[in-house]
Protein chains: 2
Amino acid sequence: MKLTEAKEQFINSWGAFGTQWGINRTMAQIHALLLVSTQPLTQDDIMEYLNISRGNVNMNIRGLVDWGLVERVIISGERKDHFAAEKDIWKVATQIIKERKKRELDPMIKLLGQLENIDADKKDKEAKQFLEVISGIKRTGNQADKILDLMIKAEENWFTSSILKMFK
Amino acid sequence: MKLTEAKEQFINSWGAFGTQWGINRTMAQIHALLLVSTQPLTQDDIMEYLNISRGNVNMNIRGLVDWGLVERVIISGERKDHFAAEKDIWKVATQIIKERKKRELDPMIKLLGQLENIDADKKDKEAKQFLEVISGIKRTGNQADKILDLMIKAEENWFTSSILKMFK
DNA sequence: CTGAATTTTCAAAATTTTTTGAAAATATAA
DNA sequence: TTATATTTTCAAAAAATTTTGAAAATTCAG
């Protein structure tokens, strides 16, 4: 397989992969393109390479910057903005975990806490089972939360990073 | 908050949560409904409770059964099939991890392995950087794979489960 | 400032995904 | 076996999401 072909295949697969994770295809493709690109690219470069419109590139690039996966890079002498992806995949994973935790896990745990405060007879079987399920989810969510926090801090945390190394 | 209200809220939030993870809203809602339901439900029960069509219930229930999150339960004397969700959330999480690993991570790692076999000059800067990114992703993917395997096997594995307990 | 280059916005169009519901298939009781 | 209940399928409709592209806003060199 040739390099160009391999790049193309990677970009397409990364895009398909993304859709399974609730990320839209184009955003994942742009991310993939920037991952395998030697230099930072402009919006026009991306438009041309992926054959998509200016507005589309602009919105999805913004999304990637919001996720902390892509950086705006200023190249002196060049007028246009350039964009580059973080290439250390461990950092990418960490960043995604951090964001999803903040955007999804934390609010869900908060909601579960509220749902635990229903006013119902403690002896009501229905209510009892509901509370069991809810607090079970909350407990597991909190555990996940702690583990993820440690992973995020692994670089600064000798203990966690040695444990993680044991799995490598 | 009343129990009925809390259930409703839980079902809706779980549905919204699902869409962020590439699961369709209805499937997540059915899952939530079964989670907080005291008895197993029939397709008709679900139709009525969530106000959705028969076909929709049928397809999504099948999806949940495929994911191993819901079981068909035979109730003697009753003609209709009943369905019940696994309520131990740790098992639910394990099952989801197992399936996603099989359906997504494993194929992705396989693809990355293929992409490493491009025929290009090892000195070509483009090619070199591409291979670095690809093998970086593959390495991280493999690490995740190992960690997830251990989590899945945690119940049967003293070592892992004691490590996981340390985080609780 | 001015004006050209670049970026952003957003309503409308295109596409993709989900849902419906009726028909077909299957299962079960009598 | 026959009649009825139940489940499954799937083409068409509806809904949701993504994409386009042109206009508006912003940036910046001169």
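Note that this is a predicted model, so its numbers are computed, not measured. For the numbers below, each heavy atom of this structure counts, side chains included, while hydrogens, waters and symmetry mates do not. Order of the sequence lines sets the chain letters (A, B, ...), proteins ahead of strands, with each chain counted from 1.
In this structure, B:I46 places its CD1 atom 15 Å from C1' of D:dT8, rounding to the nearest Å. One can place CG of B:N60 at 13 Å from P of D:dT9, the figure rounded to the nearest angstrom. The interatomic distance linking A:R62 (CZ) with C:dT9 (C1') rounds to 8 Å, in whole Å. Between the P atom of D:dA16 and the CG atom of B:N24 lies a distance of 12 Å, rounded to the nearest Å. Protein atom CG of B:N51 is 13 Å distant from nucleotide atom P of C:dT19, rounded to whole Å. Between the CE atom of A:M27 and the C1' atom of D:dT18 there is a distance of 11 Å, given to the nearest Å. Atom-to-atom, CD of B:Q43 to P of C:dG21 comes out at 16 Å; the value is rounded to the nearest Å. Rounded to whole Å, atom C1' of D:dT27 lies 16 Å from atom CD of A:E78.
Residues B:Q43 and B:N58 have side chains that bring a donor and an acceptor to within less than 3.5 angstrom of each other.
Using a 4.0 Å heavy-atom cutoff across all strands shown, A:R25 reaches no nucleic acid atom at all. At a threshold of 4.0 angstrom between heavy atoms, the contacts of A:T42 with the nucleic acid are absent.
For A:D121 and A:K128, the salt-bridge test fails: no basic side-chain N is under 4.0 Å from an acidic carboxylate O. The existence of a salt bridge linking B:E132 and A:K87 is excluded, since no basic side-chain nitrogen approaches an acidic carboxylate oxygen closer than 4.0 Å. A salt bridge between B:K2 and B:E5 is absent, with no side-chain N of the basic residue lying under 4.0 Å from a carboxylate O of the acidic one.
Checking B:K80 against B:M59, the closest nucleotide of DNA chain D that is more toward the 5' end is the one next to B:K80. If you find the closest nucleotide of DNA chain C to A:T19 and to A:R79, the one lying nearer the 5' end belongs to A:R79.
In this structure, A:R25 fails the cation-pi test against A:W14, since its NZ or CZ atom is not both closer than 6.0 Å to the six-membered ring centre and inside 45 degrees of the ring normal.
With C:dT19, C:dA27, D:dT8 as the choices, the nucleotide that has an atom nearest any side-chain atom of B:N58 turns out to be D:dT8. In the set C:dA29, D:dT20, D:dT7, the nucleotide with an atom closest to the side chain of A:S53 is D:dT20. In this structure, of D:dT19, C:dT8, C:dT6, it is D:dT19 that holds the atom nearest to the side chain of A:T26.
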